[in-house]
4 protein chains.
Amino acid sequence: MAGVNKVILVGNLGRDPEVRHLESGSVVANVTLATTEAYKDRNGNRVENTEWHDLEMWDGQAKVAEQYLRKGSQIFVEGKIKSDTWQDEQGNNRKKVRIRVLSFTMLGSRNMDGGAPGGNSSNAGQADQSTPNKAQPAASMPSSGGNIDDGEDDLPF
Amino acid sequence: MAGVNKVILVGNLGRDPEVRHLESGSVVANVTLATTEAYKDRNGNRVENTEWHDLEMWDGQAKVAEQYLRKGSQIFVEGKIKSDTWQDEQGNNRKKVRIRVLSFTMLGSRNMDGGAPGGNSSNAGQADQSTPNKAQPAASMPSSGGNIDDGEDDLPF
Amino acid sequence: MAGVNKVILVGNLGRDPEVRHLESGSVVANVTLATTEAYKDRNGNRVENTEWHDLEMWDGQAKVAEQYLRKGSQIFVEGKIKSDTWQDEQGNNRKKVRIRVLSFTMLGSRNMDGGAPGGNSSNAGQADQSTPNKAQPAASMPSSGGNIDDGEDDLPF
Amino acid sequence: MAGVNKVILVGNLGRDPEVRHLESGSVVANVTLATTEAYKDRNGNRVENTEWHDLEMWDGQAKVAEQYLRKGSQIFVEGKIKSDTWQDEQGNNRKKVRIRVLSFTMLGSRNMDGGAPGGNSSNAGQADQSTPNKAQPAASMPSSGGNIDDGEDDLPF
DNA sequence: TTTT
DNA sequence: TTTT
C-alpha cells in the first residue's frame, strides 16, 4: 500500500550548512534547522519551545544551500522523514532521524533588500562564503530564484 | 467518512487587509495573497506564474492581520478551501472559492530587525495603522509573536 | 520571490473520472472530490459539511485515474491551486479555481484485498471499465502501485 | 520568530496501539506507523522502502486509538516532530524523535464494510480488543466519526 | 455528485 | 494587486 511521508518546516538555520563534495561527484549538505513554537502557559507566561531538525540536502540543492544559506537564514522546507538504524558497540539498536529535503525556499529576502545598509544583497550569486555572519546576511537568491527542487539541474543560474 | 481539506501557502499580500468589524462583534479580514512560481520553459527562458488567493480571516486572527499585515507582507498560511455557491441573475450556478485561514505566521521580520537602520522595528506592538507604506514596513510581530491560530484569545499581547 | 502553493486532500470521488484524450496525445482527467468535515454544533448535534473540489490530472496520472478510480473511490491528493480567469458575455471578470494534481494515492484498497469475497482485486491491472459499480469496486492498484506522480512514464505496469 | 513544524503521514499501524492510563488521569497511546514508498530502481525492478514512525497520542485521541485502531489500520495523521534528548550511561547525548499527533483520520473503512463477509463492521463502537487481528479488522468509526483532534472532549460518542 |  |  502506498503511503505518504511528508514534512513541512519553516525555521532558521542554527549554523552554516556543512557541505561535503563526495568522490562520486555527489554533494551533500547537512543543515540544522530550528522551529520555534511560542505559547502561553497556564499562568499566562510566554513560553518558547524550540525543536532542532537535522536536514539532508543533495546535489543541486546542496550547492544552492552552500552558496546562499547561512546561520540564521529563514527557509521553508518540504521533505520526508528518513531514519538510519544500526547497532552500537553495546549491541543496542540505534536510530537516527533526518529530514531528507525535497525542496526548499528562502524566505524574507525582500526585507533584507530594504534594510541592509551595506548593500549586502548586491553580491547575490556570489555570496562570500568566507565571511558569513549575521551582520552580513547571506545574499538573497538571484533573480532566477525560486523553489529549489531535488536534482542536479536546478541550480538557479 | 472523514476527509482532509488542507491548504499551505507562502506568499505576499497584494494590498493591505480589508477589515470589517461586524455588528455581531465578529471581525473579518479579507486578504489577497500572491504565490509566485518560477520555472524555465523549453527554451530556457525564465517564466513566472503568479496565483492569487482570496483569504478570509476571523476575529483574533483578523485583528492581528489588521495591525501587522500590509501590502507586500510575506506570510505562511495554513487553511482550508471553502466555497460559496449561489445562482446569479441569469440563473447560472456560480461558485466562489476562498481560503479560510486556520493559522498564519509572519515571515522575514527577523531580517528587518537586523537590517533596518531607521529602527522601524522599534514600533513593534504599536504598528501605526494610519501610515502603512513600503518605506515604513508593518511592524514585526512583538516578542509574544508566533503562529496566529483561530480564536478570540490569540492576540499576541 | 518564490512562493508555496500546496493543497492536501483526502476524500471520495463524486463520480467516475471524465477523461479526454487530446489530439496532441495528452490525456486529461477531470475528477470531483468531496471532503467531508463533521463537527458538533452548539446544541451538540452532529453537522456535516462537504466541500467539492474540481481536480485536474494529466497524462500518466490521468491514465491511472481512468483505469483505477471510480465514483466513491477514496484518494489522498497533493496538488496546487490553479485558477482560470476570463470575461463572460456580460463583460464581468470570472474566475474558476481548480486543483492541479501533482500526485495521488489510492486509499483503503488493502482492506479490499482481504475482504472482497469475489476476488475483485484479482483483476488488478485490467479493471473492467465498462461495468464499474459499487458492488464491484474499482480494482486496487496492482502490486507496483504507489504514489502516482506527474509525468508520462509513471503508469504502474 | 514563529516557525512551522508539520508532519503529514498516511500509513498502516505495525501493531495494536499501546495505551497507558496515567495516575494523573491522562491517557497516552503509542503507535508505530509504516509509510511505504515504492519506486523502480535503475534496472527497472520495483523497490519498496518502509519508514517506521513512532506516534504519540494523548487523551481523547488516545482513547479513540485504543478503541478503533488495530494492527494494520490505515490512518491519515497530522502532527509535529518532537524529540526527547538525554544523556545515556556512557555520557553520550541521545535523542529520540517522535511524532506528536495533532489529529488523525481513519481511512478505508468504507471498503471494509462492503467486503468483509463476516460482518465485522457490525461491532463498530465496541471493537473487541481481546481478539484484534487481520481477518477481523478493527471496527470502522461509528457514524459520528471524523477527524480526531486533540483534546478531551472529542470522543465520537 | 462522494462518504459515514 | 505582491514579490524577485
Side-chain angles (χ1 to χ4, degrees), chain A residues 68 105-114 121 124-125 139-147 156, chain B residues 1-4 9-18 30-38 46-55 69-75 85 93 107-108 134 137, chain C residues 1-4 9-18 30-38 46-55 69-75 85 93 107-108 134 137, chain D residues 68 105-114 121 124-125 139-147 156:
Chain A
Y68 296 109
T105 300
M106 296 186 67
L107 301 173
S109 52
R110 170 186 176 276
N111 302 298
M112 292 194 295
D113 295 343
S121 67
S140 65
M141 296 289 288
S143 63
S144 55
N147 274 53
Chain B
M1 170 70 57
V4 173
L9 305 172
V10 174
N12 299 277
L13 300 218
R15 52 173 183 268
D16 290 357
E18 290 175 3
N30 288 285
V31 168
T32 59
L33 190 78
T35 57
T36 301
E37 183 181 20
R46 176 180 157 83
V47 183
E48 274 203 356
N49 201 28
T50 294
E51 183 70 36
W52 285 98
H53 308 270
D54 293 311
L55 312 185
L69 298 186
R70 293 294 175 272
K71 178 178 179 175
S73 297
Q74 187 185 34
I75 59 175
T85 55
N93 289 322
L107 299 174
K134 262 193 185 172
Chain C
M1 168 71 56
V4 173
L9 305 172
V10 173
N12 300 277
L13 301 219
R15 54 173 181 268
D16 291 356
E18 291 176 2
N30 289 285
V31 168
T32 59
L33 190 78
T35 58
T36 300
E37 185 180 19
R46 176 180 158 83
V47 182
E48 275 204 356
N49 201 28
T50 294
E51 182 72 35
W52 287 97
H53 309 270
D54 293 312
L55 312 186
L69 299 186
R70 292 293 174 274
K71 178 178 178 175
S73 297
Q74 188 186 33
I75 59 175
T85 55
N93 289 323
L107 300 174
K134 263 190 183 173
Chain D
Y68 297 108
T105 299
M106 296 186 68
L107 300 174
S109 54
R110 170 187 176 275
N111 301 299
M112 292 194 296
D113 294 345
S121 66
S140 63
M141 296 289 288
S143 64
S144 56
N147 275 54

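To find a chain, count down the sequence lines: A is the first, B the second, and so on, and within it residues start at 1. Hydrogens, waters and symmetry mates play no part in the numbers below; they use all other heavy atoms, side chains included.
Ranking F/dT4, E/dT4, F/dT1 by closeness to the B/Lys71 side chain, first place goes to F/dT1. Listed candidates were F/dT4, F/dT2, E/dT2. Nearest to the side chain of C/Trp52 is E/dT2. Residue C/Thr50 places its side chain closer to E/dT2 than to any other of E/dT4, E/dT2, F/dT2. For C/Thr32, counting side-chain heavy atoms from C-beta on, the closest listed nucleotide (E/dT3, E/dT1, E/dT4) is E/dT1. The side chain of B/Glu48 sits closest to F/dT4 out of E/dT4, F/dT4, F/dT1. Between F/dT2, E/dT3, F/dT4, one nucleotide has an atom nearer to the side chain of B/Thr36 than all others, and that is F/dT2.
Atom CG in B/Asn12 sits about 16 Å away from atom P in F/dT1, given to the nearest Å. Atom-to-atom, CG of B/Leu55 to C1' of F/dT1 comes out at 13 Å; the value is rounded to the nearest Å. One atom, CD of B/Gln74, and another, P of F/dT3, lie 11 Å apart when rounded to the nearest Å. Taking atom CZ of residue B/Arg70 and atom C1' of nucleotide F/dT3, one finds them 18 Å apart after rounding to whole Å. Between the CG atom of A/Leu107 and the P atom of F/dT3 there is a distance of 15 Å, given to the nearest Å. Atom pair B/Glu51:CD and F/dT4:P shows a separation of 20 Å (rounding to whole Å applied). Remark: C1' of F/dT3 and CZ of B/Arg46 are 10 Å apart, rounded to the nearest angstrom. When the P atom of E/dT1 is taken as reference, atom CG of C/Asp54 falls 15 Å away, rounded to whole Å.
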C/Val10 vs C/Leu107, test: side chain to side chain contact (heavy atoms under 4.5 Å, CB included). Steps then yes/no. CA-CA 9 Å; C/Val10 173; C/Leu107 300 174; 3.7 Å; yes

Just do the side chain to side chain contact (heavy atoms under 4.5 Å, CB included) check on B/Thr32 and B/Arg15 with the steps written out, would you? CA-CA 7 Å; B/Thr32 59; B/Arg15 52 173 183 268; 3.6 Å; yes

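Between the CG atom in C/Leu55 and the CD1 atom in C/Ile75 there is a gap of 6.0 Å [rounded to 0.5 Å].
Of all non-hydrogen atoms in B/Ala38 and B/Glu48, the two that sit nearest each other are CB-CG, 4.3 Å.
Counting only heavy atoms from C-beta outward, the side chains of B/Leu13 and B/Leu33 approach each other to under 4.5 Å.
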